[in-house]
Amino acid sequence: MNTGPIKNLGRSFDRVADAYDAARPAYPDEVYRAVTEVSGVEFDGATTVDVGAGTGIMTLALRARGSQVIAVDPGEAMLARLVSKAGGEQGRRVEAVLADGNALPLADGVADLVTYAQSWHWLDPAISIAEARRVLRPEGAIVGCWNLNHAAQAEWLAAYEARLAREVPAYWGPAVEQWSVPPIASAFEVIEERWIPWTRLIGIDDFLLDLRSHSYMAALSQERADEVVERQRAELRREFPEGVLSVPMRVYLAVGK
Ligand SMILES: C[S@@+](CC[C@H](N)C(=O)[O-])C[C@H]1O[C@@H](n2cnc3c(N)ncnc32)[C@H](O)[C@@H]1O
C-alpha cells in the first residue's frame, strides 16, 4: 500500500470497517454492463481509478472483469481490507493508494475510467471532478453509482427507514423529505443516468450488520447504536419470523465526462 502524507479523512468508515466488509452488498452485473454500454469503455485491458474504494466492493469486481485498478481511499482500515482480499497473484492488478480523492497522487491521462462507487458525496464536488478529468485519457469517462434501499417498493422497508429517521439524528435517506441522490449529474457533463433495480435476499442479522456500517450509525455511541439495532431487530423478526428479507434495491448510475 502506498502511504503518502494524508489528512484525517475517511475516519468514520474506519470505525465500521468490519461491518462494512461483512455486510454491504455488491453491485449487480447490470451496473457493469451499463457502464461499458454508456461509456464505450471495455473493462478488459482498461485502467480504472476507483476513488473512495473502501473495502474494495467495486475494485474487485472491476478487476474480475479484466481492469487494472488503482484503488484510492484515505481510510486506512477500509483500505487494509481491500488489500487483504486483493492479495496474491491477482493482487498485481490492484494498486491500493492511501490518499484523498480531491488530490490524486497520479499523473495526468493515465486512466480510462474514474469510478466513485457510493463515494463521490464524500469529496469536494468540483475539485474531485477536476481531478478525475485530469487523470483521465481523452476518451475516458467518470462513473458515479449508489446502491440504495428502494423504500417506496415495500411498506416494511419504508417503515424501517422511518424508524431510523426518528431515532438517528444524522440519518440521511429516503425517509427524509429533502433527501435525493448525490448531485453528481450537475457536477459533470452527463452522458447518461440510469436506475437499475434488483432484489437483495438477506438474513435479518446481516441486514442489521449492514445498518451498522452506515456513517450515520458510526456517529452514535456504541450503546445508542445497539439500542437502535435491537429495536429494528425486534420489529423485523415480528414481521418476518423466518428471518429472511427480500429487500427491493436500486442502483443510481450516472456516467459523464
Ligand atoms: C460508502 S464508502 C464506499 C466504499 C466502496 N466504494 C463501496 O462501493 O462500497 C465511502 C468511501 O469513501 C471514502 N472517502 C471519504 N472521503 C474521501 C476522500 N476525500 N477521498 C477518497 N475517498 C474518500 C471513505 O473512506 C469510504 O471508504
Side-chain angles (χ1 to χ4, degrees), residues 1-29 31-32 35 48-64 67 69-86 94-106 111 113-132 134-135 142-149 170-173 181-182 184 187 196 198 200 209-219 249-254:
M1 194 192 305
N2 176 351
T3 55
I6 187 105
K7 288 184 240 145
N8 188 26
L9 296 162
R11 294 293 165 214
S12 62
F13 284 101
D14 274 353
R15 285 201 294 278
V16 291
D18 285 331
Y20 202 109
D21 197 25
R24 283 286 185 116
Y27 303 93
D29 288 347
V31 169
Y32 300 96
V35 168
T48 304
V49 179
D50 188 23
V51 180
T55 61
I57 294 176
M58 178 157 279
T59 298
L60 300 180
L62 291 166
R63 183 187 68 183
S67 181
V69 189
I70 302 169
V72 178
D73 201 289
E76 242 171 295
M78 295 290 274
L79 210 54
R81 279 156 185 82
L82 180 153
V83 168
S84 79
K85 288 186 288 185
V94 172
E95 185 190 348
V97 182
L98 189 69
D100 178 359
N102 295 311
L104 294 170
L106 303 172
L113 289 170
V114 173
T115 51
Y116 299 98
Q118 217 102 342
S119 62
W120 174 78
H121 57 292
W122 291 101
L123 285 88
D124 180 280
I127 296 173
S128 61
I129 297 296
E131 273 297 80
R134 182 183 66 74
V135 302
I142 305 171
V143 176
C145 65
W146 284 266
N147 217 350
L148 307 160
N149 287 347
Y171 168 85
W172 183 241
V181 288
I184 194 168
I196 297 166
W198 66 286
R200 185 182 193 196
L209 193 56
D210 179 325
L211 170 61
R212 284 187 187 273
S213 76
H214 285 262
S215 56
Y216 53 75
M217 292 295 288
M249 306 280 299
R250 55 181 179 161
V251 174
Y252 167 67
L253 171 70

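No experiment lies behind these values; they were computed from the predicted model shown. In this chain, numbering begins with 1 at the start of the sequence shown. Order of appearance sets the numbers: ligands from 1, and atoms from 1 within every ligand. Because only heavy atoms are used, hydrogens play no part in the values below, and waters and symmetry mates are left out as well, while side chains stay in.
Between P125 and W120 the shortest side-chain heavy-atom distance falls below 4.5 Å.
With ligand atoms numbered from 1 in the order given, ligand 1 contributes 1 (C), 10 (C), 24 (C), 26 (C) to contacts under 4.0 Å with heavy atoms of F13. The atoms of ligand 1 that sit less than 4.0 Å from any heavy atom of D100 are 18 (C), 19 (N), 20 (N). Using a 4.0 Å cut-off to heavy atoms of S119, the atoms of ligand 1 that qualify are 12 (O). Every atom of ligand 1 is numbered from 1 in the order shown, and the set under 4.0 Å from a heavy atom of G52 is 3 (C), 4 (C), 5 (C), 6 (N), 11 (C), 12 (O), 13 (C), 21 (C), 22 (N).
Each of T59, D50, D21 was checked for a side-chain contact (heavy atoms from CB on, under 4.5 Å) with L82, and the lone residue meeting it is T59.
Contacts between M78 and ligand 1 below 4.0 angstrom, taking non-hydrogen atoms only, involve the side chain exclusively. Residue contacts with ligand 1, taken as heavy atom pairs separated by less than 4.0 Å, involve Y20 solely via side-chain atoms from C-beta onward. Under 4.0 Å from ligand 1, the heavy atoms of A53 that appear belong solely to its backbone.
For D124, the salt bridge (charged side-chain N to carboxylate O under 4.0 Å, His left out) criterion is met by no residue, not counting sequence neighbours. For D210, the salt bridge (charged side-chain N to carboxylate O under 4.0 Å, His left out) partners two or more places apart in sequence, or in a different chain, are R24, R200.
At least one heavy atom of Y27 sits under 4.0 Å from some atom of ligand 1.
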